[in-house]
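The structure under discussion appears below in the form of structure tokens.
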Amino acid sequence: MIQRIQSILLIGVSICMGMVLAYYIWGEANPEKTKGILFSAIDMQIIDFGEGVTDKTDDVIIETQSMWYLAALAILAALVSLFSVFQFKNRLNQMKLGALNSLIMVSYLGICFFKVNQFEELVNPQVQGNFQLGFFLPAVALVLNAVANRFIRKDEKLVKSVDRIR
């Protein structure tokens, strides 16, 4: 049932994990603003900015590394969340899928953090990069998933208590 609060939260998880594919996770530029890194769930690019960061016409991509496994984890988390919405008749299965989805999202965040620490040293180790929206969306999705699991557990307890009364 889509009108239940946990279904809406699980759809929110799916939307957040889908949006991860559209936003950058992290970015860094050297102090002269001539070279930088952009890291997304799809790929990592080392870019030569040329004249500067604001003029994108002369940007040259020096190196690209595919991050297909991050995109696969994000898509998997979104699909598990959507599948969990339609498991409303079996709340125990829904809770198991929620736990699996939490594990997928935590592994996504862990890999992102590990890769950011690796990529920080490529351009300029002294300069800190900036985490972008693509890093925070999975954290929001993780919180939404935890709240959805709480509501699912609450429904299961309510059903069990009504069964005891009969």
Side-chain angles (χ1 to χ4, degrees), residues 6-87 93-149 152:
Q6 57 264 36
S7 297
I8 294 169
L9 291 170
L10 289 170
I11 289 171
V13 169
S14 184
I15 290 170
C16 284
M17 292 309 291
M19 287 174 56
V20 162
L21 300 173
Y23 292 101
Y24 289 112
I25 296 170
W26 179 78
E28 178 185 28
N30 63 359
E32 299 84 34
K33 305 283 188 212
T34 58
K35 191 176 179 185
I37 295 178
L38 290 174
F39 173 43
S40 70
I42 298 171
D43 63 355
M44 183 278 302
Q45 299 174 346
I46 299 177
I47 300 172
D48 182 9
F49 295 127
E51 294 296 318
V53 180
T54 56
D55 184 20
K56 298 198 182 291
T57 58
D58 60 349
D59 289 358
V60 177
I61 297 174
I62 299 172
E63 181 183 343
T64 301
Q65 287 183 13
S66 177
M67 297 290 147
W68 62 270
Y69 45 89
L70 285 176
L73 282 174
I75 291 169
L76 181 65
L79 291 176
V80 167
S81 176
L82 275 179
F83 181 69
S84 180
V85 169
F86 298 107
Q87 296 295 311
N93 195 22
Q94 224 176 6
M95 285 190 281
K96 290 176 188 176
L97 288 171
L100 173 68
N101 211 11
S102 293
L103 183 64
I104 292 169
M105 289 185 284
V106 166
S107 63
Y108 175 87
L109 285 171
I111 291 171
C112 285
F113 193 72
F114 176 73
K115 286 296 186 180
V116 164
N117 284 336
Q118 275 186 335
F119 296 149
E120 235 173 2
E121 298 176 7
L122 292 177
V123 174
N124 191 355
Q126 290 83 21
V127 177
Q128 290 281 328
N130 297 323
F131 284 104
Q132 306 291 324
L133 188 60
F135 185 79
F136 297 112
L137 281 172
V140 170
L142 196 58
V143 171
L144 290 175
N145 192 48
V147 174
N149 276 348
I152 293 166

Inset, instruction - Give a yes or no on this: more than 12 heavy atoms of other residues, nucleotides or ligands lie within 6.0 Å of atom OH of Tyr24. - result: no
Considering non-hydrogen atoms only, spot the tightest contact between [X] and [Y] and give its length.
X      : Y      : result
Asn149 : Ala99  : ND2-N, 3.8 Å
Ala78  : Gly18  : CB-N, 4.4 Å
Ile25  : Ala41  : CD1-N, 3.6 Å
Gln6   : Ala148 : CB-O, 3.7 Å
Glu120 : Gly129 : OE2-N, 4.0 Å
Leu21  : Ala74  : CD2-CB, 4.2 Å

Legend entry - Inter- and intrachain pairs under side chain to side chain donor-acceptor pair (under 3.5 Å), touching residues 96-113, at least two apart: Ser102-Asn145
Legend entry - side chain to side chain donor-acceptor pair (under 3.5 Å) partners of residues 37-48, not counting sequence neighbours, each pair once: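 Found Ser40-Asp43, Asp43-Gln45.
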Legend entry - Between CD1 on residue Ile75 and CG on residue Leu70, distance to nearest 0.5 Å: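 Result: 11.0 Å between the selected atoms.
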Legend entry - CG-CD1 distance between Leu10 and Ile15, expressed to the nearest 0.5 angstrom: 11.0 Å
Would you please name every residue forming a side-chain contact (heavy atoms from CB on, under 4.5 Å) with [X], sequence neighbours left out?
X      : value
Leu133 : Tyr23, Leu137
Phe136 : Phe131
Val140 : Cys16, Leu144

Inset, instruction - Could you pull out all residues at least two apart from Phe119 that satisfy ring-ring contact (aromatic ring centres under 6.0 Å, His included)? - result: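 Counting only residues at least two positions away or on another chain, Phe119 forms a ring-ring contact (aromatic ring centres under 6.0 Å, His included) with Phe39.
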Legend entry - Side-chain heavy-atom pair Ile62, Lys35 within 4.5 angstrom cut-off: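 Result yes, sub-4.5 Å side-chain heavy-atom pair found.
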Inset, instruction - Measure the shortest side-chain to side-chain distance between Met105 and Val13 over non-hydrogen atoms and say whether it is less than 4.5 angstrom. - result: yes
